[in-house]
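See structure below.
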Amino acid sequence: MKKLFLLFTLFIICLLAACAEKSSVPKEQKNVEEIEKSSVSEEKENTEEIEKTEDINKDSSSLNTEEGEIQEKEAAAYVDALIQATVFQNAEKYAEKAPGPESSEEKQKDGSTQKGFFKEIYKQNTKQNMTGLPVTDEQVDKLADAFLKALSVTEYEVIEAKAQSADKIKVTLSVKGFDDSLVNNKTEAELTQFISENKVGKEELIAKNMEVLTKNYEEVKDTLEPVNVEVDVDHNPDGSYVVMFQDQYLKGFVR
């Protein structure tokens, strides 16, 4: 069954009207003034563009080759570790792959936090999407486990990492995700058949929806063709790394 979301969008249109008074300046003088204004404006824009380019080059050149290569290697390792903790729910692998001077125990603790947070967010989002419906915690837990099982069949590899500046690195992945649309379409088809063959109430229908969706996630075995996804990584002053938007890589795993 497809989830229905009602999006309320407010469009504010501002209409500005201005009446310009006729100028008494001679046409020739007016043309000269317009040319001068245009020239000044273009010169200002060119100057600003040059300054922006110089700032970017300066920022990029603030890293020497060795520092840049180290950051690229560590950022790639961090994304690799993060995927292990979140997508594959493996805190031990996170500890093995994560960069930094922390002990293995500290890294595994961080990995466990990422692992638990990822699953909890999925459960909370599911409950929020089903607000007002008769869904139990047990049903949500089973659905979350099934979703994570579907993720476990996916594959990925780190292609490259490129430093964009002194504190930003872009990591490129190749990901073989699973077809989430296929799961939802299959679930909808099974529910449609169930409804046509049975007279059921709302509570029973919701329960059946959760049951079928859970089953279909558990049965996922195939992956799609690989796609490349880019992940933005920030390098913090304390030497640690962070991915602000995990959706950047998740969209490759869940398609």
Side-chain angles (χ1 to χ4, degrees), residues 40-118 120-122 125 151 154-177 224-255:
V40 171
S41 177
E42 289 178 1
E43 183 178 352
K44 183 178 179 181
E45 289 178 359
N46 291 337
T47 302
E48 290 175 349
E49 188 65 30
I50 292 172
E51 289 175 349
K52 287 180 182 178
T53 303
E54 288 176 346
D55 288 341
I56 292 173
N57 291 337
K58 181 179 179 180
D59 196 22
S60 299
S61 63
S62 63
L63 280 176
N64 61 43
T65 303
E66 184 178 358
E67 289 174 336
E69 290 177 350
I70 291 174
Q71 284 195 13
E72 290 169 351
K73 183 178 180 180
E74 290 183 344
Y78 176 73
V79 172
D80 196 359
L82 188 61
I83 290 173
Q84 286 295 323
T86 56
V87 174
F88 295 98
Q89 296 284 284
N90 194 328
E92 291 77 14
K93 283 290 184 182
Y94 175 92
E96 291 177 15
K97 294 174 177 288
E102 296 81 10
S103 67
S104 178
E105 290 76 15
E106 289 175 315
K107 290 180 179 179
Q108 187 159 334
K109 183 178 179 180
D110 290 340
S112 296
T113 299
Q114 293 284 359
K115 171 183 174 180
F117 184 71
F118 182 83
E120 188 61 29
I121 286 296
Y122 179 83
N125 285 341
L151 279 175
T154 61
E155 302 173 26
Y156 75 100
E157 66 173 314
V158 179
I159 302 297
E160 65 175 3
K162 292 291 184 182
Q164 306 298 300
S165 67
D167 58 358
K168 294 188 181 298
I169 307 95
K170 191 177 293 292
V171 177
T172 302
L173 308 170
S174 175
V175 183
K176 291 183 178 180
L224 299 170
E225 290 298 311
V227 295
N228 286 359
V229 295
E230 294 182 336
V231 184
D232 294 319
V233 184
D234 290 338
H235 185 216
N236 297 321
D238 64 359
S240 63
Y241 294 85
V242 63
V243 173
M244 298 299 295
F245 304 104
Q246 292 185 8
D247 284 349
Q248 288 183 322
Y249 66 79
L250 287 176
K251 66 184 180 182
F253 290 92
V254 184
R255 288 191 260 155

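If you read the sequence from its start, that first residue is 1, and numbering goes on from there. Below, all heavy atoms of this structure are taken into account, side chains as well, without hydrogens, waters or symmetry copies.
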How long is the straight-line distance from [atom2] of [Y] back to [atom1] of [X], given to the nearest 0.5 Å?
X      : Y      : atom1 : atom2 : result
Leu250 : Ile83  : CG    : CD1   : 8.5 Å
His235 : Ile70  : NE2   : CD1   : 9.5 Å
Tyr249 : Leu173 : OH    : CG    : 9.5 Å
Lys176 : Glu225 : NZ    : CD    : 7.0 Å

Nearest atoms (heavy-atom pairs only) where [X] meets [Y]:
X      : Y      : result
Leu82  : Tyr94  : N-CD1, 4.0 Å
Ala75  : Val233 : CB-CG1, 4.1 Å
Leu151 : Val87  : CB-O, 3.8 Å
Phe118 : Gln246 : CD1-OE1, 4.0 Å
Ala76  : Val158 : CB-CG1, 3.9 Å
Glu155 : Phe253 : O-CE2, 4.2 Å

- Sole candidate of Val243, Asp167, Val242 that passes side chain to side chain contact (heavy atoms under 4.5 Å, CB included) when paired with Asp234: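 Checked Val243, Asp167, Val242 against Asp234; only one passes side chain to side chain contact (heavy atoms under 4.5 Å, CB included): Val242.
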message: Suppose we screen for side-chain contact (heavy atoms from CB on, under 4.5 Å). Which residues come up paired with Glu160, at least two apart in sequence or across chains?
response: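 side-chain contact (heavy atoms from CB on, under 4.5 Å) check on Glu160 returns Lys162, Thr172.
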Task: With sequence neighbours excluded, residues passing side-chain contact (heavy atoms from CB on, under 4.5 Å) with Lys170 - done: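 Once residues adjacent in sequence are excluded, the partners of Lys170 under the side-chain contact (heavy atoms from CB on, under 4.5 Å) criterion are Gln164, Glu230, Asp232.
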* To do: Not counting sequence neighbours, which residues clear side-chain hydrogen bond (donor to acceptor under 3.5 Å, both in side chains) with Tyr156? List them please.
  =>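 Result, side-chain hydrogen bond (donor to acceptor under 3.5 Å, both in side chains) vs Tyr156: Asp80, Gln84.
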Just jot down the side-chain hydrogen bond (donor to acceptor under 3.5 Å, both in side chains) partners of Gln89, sequence neighbours excluded, or say none.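 Gln89 satisfies side-chain hydrogen bond (donor to acceptor under 3.5 Å, both in side chains) with no residue once adjacent residues are dropped.
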From CA spacing to verdict: side chain to side chain contact (heavy atoms under 4.5 Å, CB included), Ile169, Tyr78: CA-CA 11 Å; Ile169 307 95; Tyr78 176 73; over 6 Å; no
Ignoring hydrogens and angles, tell me if any N or O in the side chain of Asn236 forms a donor-acceptor pair with the backbone of Asp238 under 3.5 Å.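 The answer is no, because no donor-acceptor pair under 3.5 Å joins these two groups.
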Just wondering, do Phe88 and Thr154 contact through their side chains at under 4.5 Å, heavy atoms?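 Yes, at least one pair of side-chain atoms sits under 4.5 Å.
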Solution key, residues 108-115 side-chain donor-acceptor pairs under 3.5 Å, sequence neighbours excluded:
residue : atom : partner : partner atom : Å
Gln108  : NE2  : Glu92   : OE2          : 3.4
Ser112  : OG   : Gln108  : O            : 3.0
Thr113  : OG1  : Lys109  : O            : 3.1

Side-chain donor-acceptor pairs of residues 98-105 under 3.5 Å, sequence neighbours excluded:
residue : atom : partner : partner atom : Å
Ser103  : OG   : Glu106  : N            : 3.2
Ser103  : OG   : Glu106  : OE1          : 3.4

